[in-house]
Student: 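One structure follows; several queries about it will come next.
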Amino acid sequence: MDFNANKAIYLQIAAYVCDHILLGTWKVEDKLPSVRELAVQLEVNPNTVMRTYDLLQQRNCCQ
């Protein structure tokens, strides 16, 4: 994934996660990739993914 320098990475990852759910790549009832899994996949710090998941949970996104 290529990140845009003008937008926070955790927000870009949030959009990525929601896109995968909305497009059906990841099913709504399935578990999301673990923090470490997604961090390795996207080549980011696990804390960034954790921040993304916290944001999505707080906002009840993708539901």
Side-chain angles (χ1 to χ4, degrees):
M1 179 172 175
D2 292 324
F3 295 105
N4 179 343
N6 297 324
K7 189 174 181 183
I9 292 174
Y10 78 98
L11 294 175
Q12 294 176 64
I13 297 171
Y16 172 86
V17 169
C18 288
D19 286 348
H20 275 71
I21 292 169
L22 294 172
L23 293 172
T25 308
W26 297 342
K27 304 294 182 213
V28 175
E29 60 276 350
D30 291 346
K31 287 185 178 182
L32 292 176
S34 72
V35 169
R36 288 182 188 220
E37 263 182 337
L38 193 57
V40 168
Q41 180 184 342
L42 299 178
E43 298 178 357
V44 298
N45 189 300
N47 291 330
T48 305
V49 176
M50 181 60 78
R51 186 172 182 187
T52 299
Y53 283 176
D54 287 343
L55 172 74
L56 292 173
Q57 187 174 21
Q58 289 172 8
R59 293 189 179 176
N60 291 322
C61 291
C62 305
Q63 291 185 353

Student: Given M1, which of V44, L42, I9 fulfils the side chain to side chain contact (heavy atoms under 4.5 Å, CB included) condition?
Tutor: L42
Student: Under 3.5 Å, side chain of T52 to main-chain N/O of Y10, donor-acceptor pair present?
Tutor: yes
Student: Look up atom CD1 in I13 and atom CD in Q41, then write down how far apart they are to the nearest 0.5 Å.
Tutor: 10.0 Å
Student: Under 4.5 Å between side-chain heavy atoms, counting indirect links through other Ile/Leu/Val/Met/Phe/Trp/Tyr residues: same cluster for F3 and Y16 or not?
Tutor: yes
Student: For the residue pair Q12 and D2, what are the closest heavy atoms and their distance?
Tutor: OE1-O, 4.3 Å
Student: Look up atom CZ in R59 and atom CG in D54, then write down how far apart they are to the nearest 0.5 Å.
Tutor: 12.0 Å
Student: Should the pair H20 and W26 be assigned to parallel (<30°), tilted (30 to 60°) or perpendicular (>60°) ring geometry?
Tutor: tilted
Student: Do Y53 and L38 have side chains that approach each other closer than 4.5 Å (heavy atoms only, starting at C-beta)?
Tutor: yes
Student: Rounded to the nearest 0.5 Å, how far does CG of L32 lie from CG of L56?
Tutor: 8.0 Å
